[in-house]
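Everything below concerns the one structure shown next.
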Amino acid sequence: MASPDIDVRYVADLARLNLSDAEAATFQKQLSDILGYVAQLEKVDVSSVAAFSGPVVNNLRPDVLGESLPVEVALSNAPQQENNLIVVPKMIE
Amino acid sequence: MAEYEAVIGLEVHVQLKTNTKMFCSCKNEFGGAPNSHVCPVCLGMPGVLPTPNEEAIIKTILTGEMLECQIAPRCKFDRKNYFYPDMPKNYQISQYDEPLCANGAVTLNLLAFPKDVQNDPKVNFDKKIRLERIHLEEDVAKSFHYDGASGIDFNRAGTPLMEIVSKADIATPEEAFAYLTALKQILIYGGVSDADMEKGQMRCDVNVSIRPKGQKEYGTKVEIKNLNSISAVRKSLHYEILRQTADVEAGVPIIQQTRRWDDGRGETFMMRTKEKAHDYRYFPDPDLLPLNTEEGLHQTAKSRLPELPAAKKSRLVADYAVTEYQASVLASEVALANYFEKAAANAKNKSAVANFLLNDYFATGGDIENIPVNPEFFSELSNLVEEGKINTKQAKEVFPKMVAENKAPSVLVKELGLSQITDTAALEALCDQAIAANPRSVADFKAGKTNAVNALKGQVMKLSKGQANPQVVGDILLKKLSA
């Protein structure tokens, strides 16, 4: 079942992707197929299954200090750095 | 010219006071060497698994309880997707349609308003500003800007951050000021955050529009950013309301935009227009299970509910017989109220202790966090006055030494050679002396000038080197003169 509910150009724009027309057409079909595949779930009869109301036990972490990375390790993948800051192209707000 | 009214809503971000970050066990601390409190989780490395900090959730629920919110029995975390170098995952973990707390209110109070309007009869000092919601999210990294480049410090990334959204109930810059002051006070009361705006622990974005008075529809709203203090919020709103009014009057339409406050110049500047709404493509974070707050979290938060400012104020009035005003000032800071309760514990006149603390102590330029004085000395000093052992003038001599040297008032009274003469026989002798030496004042008094007794009283005080109890002296003189 094909779903028309996806605008590949718009999604690409949000993701800062520059797609060629051919790529847009390919992804349009692929994404629609995926949505159609997942949409099969909607046909399953779940009337006898209780709705999931959340976990009984919460998966939480106590507020206890753990170890952080040494600065040089934390920065090891940063192509540019200065004064222990990761340097990126100028951000404009 | 039509009359306009402003419609103001505030979004306040508050960093929670926890040991560790929201989803990892890195240290939550202001400052620190750049990128020294980071790990694969808060750096957004692939394949890591965030785990929520229980304490952050409890503190958010506690905030909701203090602000009269409804606490969701169940909530979840969502991903807010956007691209920016301060968020390496390309999404921020936040809460979209199921926030922890909904509704609620901040109740303003007189002292929360700027001092210059505290006597304005037009102001509704007890106004309730309703809240839309409070949700929990993670803070982003801090950026520094240089020529042609920016530098990123991820220490702040992942700090537990509450977003408190008000309804558009705020009508004036002064109400916005009072809202933030009252909110900050409550956050500090609950130990939820230090809420220091200078350290970025509390940050505020403002939405403001104007409309002709009486109109139902809202005007186009403008967002103001870069507000680093509560007074900057007030000043920027004054500026912005005037600017919008002038534009509307001149027929210039207001466009939806974000403006930046320049505190030095006292003006707002346009940063960007909002041509299209942001599309953050929120979806539930598949790394995080929904939360069930009824599993202990809500209960724990409730058990930590402190006595809030309004309740503390009423109790101080009832238990210590201080004035309403004294109680408001004392309750405005939890540390101050706590100190007062210790200081007044053994005092016969507790309102006098409030006076010593609020007037005399603060006049020395001291603050309450670093007050060096044993609180019991306040009781002792006020009791010395109450029992007539020293007079109020002498108390004012003792006070600065008591603060500077943290010495017991009874010791200081001896050291300074103070102590009031209450021995009636001794005082009668002094009064006789003064009467004999000042026939003129005596004659004036007998001629009906009752004020003349003050001159004689002054003489007696002088003869006693200031140690006579002025009230007793007055009584004796009147008795003798009228005889």
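Numbers restart at 1 for each chain; the letters A, B, ... are given by sequence-line order, proteins then strands.
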Do other residues, nucleotides or ligands put more than 12 heavy atoms under 6.0 Å from [X] [atom1]?
{"X": "D97(B)", "atom1": "CG", "result": "yes"}
{"X": "K221(B)", "atom1": "NZ", "result": "no"}
{"X": "Y282(B)", "atom1": "OH", "result": "yes"}
{"X": "E23(A)", "atom1": "CD", "result": "yes"}
{"X": "K89(B)", "atom1": "NZ", "result": "yes"}
{"X": "Q40(A)", "atom1": "CD", "result": "yes"}
{"X": "R260(B)", "atom1": "CZ", "result": "no"}

In terms of heavy-atom pairs under 4.5 Å, which option from S150(B), P85(B), S25(B) contacts chain A the most?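 Top count of heavy-atom pairs under 4.5 Å with chain A: S150(B).
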Hey, which of A149(B), G151(B), C39(B) has the most heavy atom pairs under 4.5 Å with chain A?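 Highest number of pairs under 4.5 Å: A149(B).
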Side-chain donor/acceptor of K90(A) to backbone N/O of Y146(B), under 3.5 Å: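 Indeed, once roles are kept as given, a pair shorter than 3.5 Å links the two residues.
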Given 3.5 Å as the limit, does a donor-acceptor pair link the side chain of N58(A) with the main chain of L291(B), or not?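 Such a contact is absent between N58(A) side chain and L291(B) backbone.
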Please name the pair of heavy atoms, one in [X] and one in [Y], separated by the smallest distance, quoted to 0.1 Å.
{"X": "R61(A)", "Y": "T51(B)", "answer": "NE-O, 3.2 Å"}
{"X": "V38(B)", "Y": "S68(A)", "answer": "O-CB, 3.3 Å"}
{"X": "N19(B)", "Y": "D63(A)", "answer": "N-OD2, 2.9 Å"}
{"X": "D279(B)", "Y": "Y10(A)", "answer": "OD2-OH, 2.6 Å"}
{"X": "N35(B)", "Y": "L85(A)", "answer": "ND2-CA, 3.8 Å"}

Nearest 0.5 angstrom please: N90(B) CG to R16(A) CZ, how far?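 One finds 9.5 Å between CG of N90(B) and CZ of R16(A).
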Distance, nearest 0.5 Å, that separates CG of L65(A) from CG of N28(B):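 L65(A) CG to N28(B) CG: 10.0 Å, rounded to 0.5 Å.
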Heavy-atom distance under 4.5 Å to chain A: side chain of [X], backbone, both or neither?
{"X": "I57(B)", "result": "side chain"}
{"X": "K21(B)", "result": "backbone"}
{"X": "S143(B)", "result": "side chain"}
{"X": "C24(B)", "result": "backbone"}
{"X": "P73(B)", "result": "neither"}

Residue pair [X] / [Y], side-chain heavy-atom distance below 4.5 Å:
{"X": "V57(A)", "Y": "E295(B)", "result": "no"}
{"X": "L297(B)", "Y": "L60(A)", "result": "yes"}
{"X": "L69(A)", "Y": "P40(B)", "result": "yes"}

What option among N84(A), V71(A), I86(A) has the most heavy-atom pairs under 4.5 Å with chain B?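 Most pairs with chain B among the choices: I86(A).
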With a 4.5 angstrom heavy-atom cut-off, which part of V73(A) approaches chain B: side chain, backbone, both or neither?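 Looking at V73(A), nothing touches chain B.
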